[in-house]
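Both ligands and their constituent atoms are indexed starting at 1 by order of listing. Worth saying up front: this structure is predicted, and the values here are computed from it rather than measured.
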Amino acid sequence: MLNVEQLLSRFDPQTGEIAGVPAVERHLSDLRGCFADAAAYEQALAVDNPLVYTVASVALAGGAGDLNYAVGRLMPGCIGNEFYLTKGHFHAWRDAAEIYLGLSGDGLMLLEDEMTGESRVVPLRPHHVAYVPGHTAHRTVNVGPEPLIYIGVYPARAGHDYDAIARTNFRHLVVEHDGQPVLIPKQGKV
Ligand code: M6P
Ligand code: ZN
């Protein structure tokens, strides 16, 4: 049986840290192709390469019935008027679903159905659980002034497929307009 350290994790909902678990860091330079305004991206990167998000993952077992989880911390910010975001992915095992629980901050999950291309946004904030069905690309977006902290729980065998969604990026983006987050099609204007 797993030992108590493996059965229990302690995390900080304000910082996104899991005790004893190193976090993967994603800086702006790791997000080439993710923001719709490529010129604004290059301009921002020429000035600085800030930390955009961290992910601390717990993956103890990889069997068919096992679960993994990860706490994410997504910083506040914009490139042009598009809010800071995660790369986003499909699960390599497309049937695999995931749940996200907001821990602190104010965010959205951007979902895109692989078959129909249909997009949806759902809130990602404390007291909310967002369900990501299988066959759905998903990305988190921080639309608030504070770091967005959340936890994602997914089948151990889900895997991350970044390439399929990176080819087109997402068809919709979340931009700031008159102080509010707005979902627009990629070529759209607000
Ligand atoms: C969540 C989970 C992780 C994922 C992370 C960041 O914490 O879904 O599996 O890695 O968000 O998302 P991405 O991998 O798309 O950068
Ligand atoms: Zn996922």
Side-chain angles (χ1 to χ4, degrees), residues 9-19 21-36 41 49-62 66-77 79 82-114 119-126 128-143 147-174:
S9 289
R10 281 176 300 114
F11 65 87
D12 184 333
Q14 300 304 323
T15 66
E17 283 165 334
I18 307 180
V21 176
V24 173
E25 297 192 342
R26 302 269 188 230
H27 288 79
L28 190 58
S29 58
D30 299 313
L31 295 172
R32 176 161 273 113
C34 294
F35 293 96
Y41 172 81
N49 186 21
L51 179 67
V52 178
Y53 65 99
T54 60
V55 183
S57 304
V58 177
L60 292 168
D66 286 313
L67 297 173
N68 288 172
Y69 55 94
V71 175
R73 172 181 60 147
L74 176 57
M75 307 310 283
I79 295 297
E82 184 175 11
F83 290 104
Y84 272 10
L85 44 71
T86 59
K87 286 168 95 146
H89 57 269
F90 285 104
H91 293 145
W93 174 32
R94 288 292 198 273
D95 285 345
E98 182 165 0
I99 55 166
Y100 279 76
L101 294 88
L103 301 175
S104 59
D106 187 12
L108 299 172
M109 300 225 42
L110 177 58
L111 307 177
E112 185 173 306
D113 184 290
E114 186 169 34
S119 299
R120 280 249 206 294
V121 278
V122 293
L124 183 59
R125 59 171 81 115
H128 290 65
V129 180
Y131 182 73
V132 179
H135 302 267
T136 305
H138 44 291
R139 153 179 285 173
T140 56
V141 182
N142 186 345
V143 299
L148 171 68
I149 317 292
Y150 60 90
I151 185 166
V153 184
Y154 48 96
R157 293 191 173 172
H160 292 75
D161 175 357
Y162 294 101
D163 291 348
I165 193 65
R167 279 194 282 279
T168 50
N169 198 9
F170 285 72
R171 297 177 204 197
H172 286 76
L173 57 147
V174 182

Pull out every atom of ligand 1 sitting under 4.0 Å from any heavy atom of [X], numbered as shown with elements.
X: V55; value: 5 (C), 6 (C)
X: H160; value: 3 (C), 4 (C), 9 (O), 10 (O), 14 (O)
X: G88; value: 15 (O)
X: E98; value: 2 (C), 8 (O)
X: Y154; value: 9 (O)

key: Residues H135 and D95: side-chain donor-acceptor under 3.5 angstrom   =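 Their side chains do contain a donor-acceptor pair, which is all the 3.5 Å distance test asks for.
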ask   = Do we see a donor-acceptor contact under 3.5 Å between the side chains of Y69 and S9?
value =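 There is such a pair (donor and acceptor under 3.5 Å, judged by atom type) between the side chains of Y69 and S9.
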Could you tell me whether some N/O pair between [X] and ligand 1 is separated by less than 3.5 angstrom?
X: H138; value: no
X: R26; value: no
X: G152; value: no

query = Protein N/O/S atoms under 2.8 Å from the Zn ion (ligand 2): how many?
reply =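 Counting protein N, O and S atoms closer than 2.8 Å to the Zn ion (ligand 2) gives 4.
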message = Looking at D161 and R94, is there a salt bridge between them, counting it only when a charged N and a carboxylate O are closer than 4.0 Å?
response =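 Answer for the salt bridge query: yes.
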request  = Look at atom 13 (P) of ligand 1 and find which of R73, M109, H89 reaches it with the closest heavy atom.
outcome  =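 Nearest heavy atom to atom 13 (P) of ligand 1 lies in H89.
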message = Quick check: do Y154 and W93 have side-chain heavy atoms less than 4.5 Å from each other?
response =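 Result no, sub-4.5 Å side-chain heavy-atom pair not found.
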task = For the residue pair V52 and M75, establish whether any side-chain heavy-atom pair is separated by less than 4.5 Å.
result =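 The answer is no; the side chains never approach within 4.5 Å.
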request  = Have a look at ligand 1 and work out which part of R139, if any, has a heavy atom under 4.0 Å from it: side chain, backbone, both or neither.
outcome  =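 The answer is neither.
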ask   = Hey, is Y69 one of the residues with a heavy atom under 4.0 angstrom from ligand 1?
value =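 The answer is no: ligand 1 sits nowhere under 4.0 Å from a heavy atom of Y69.
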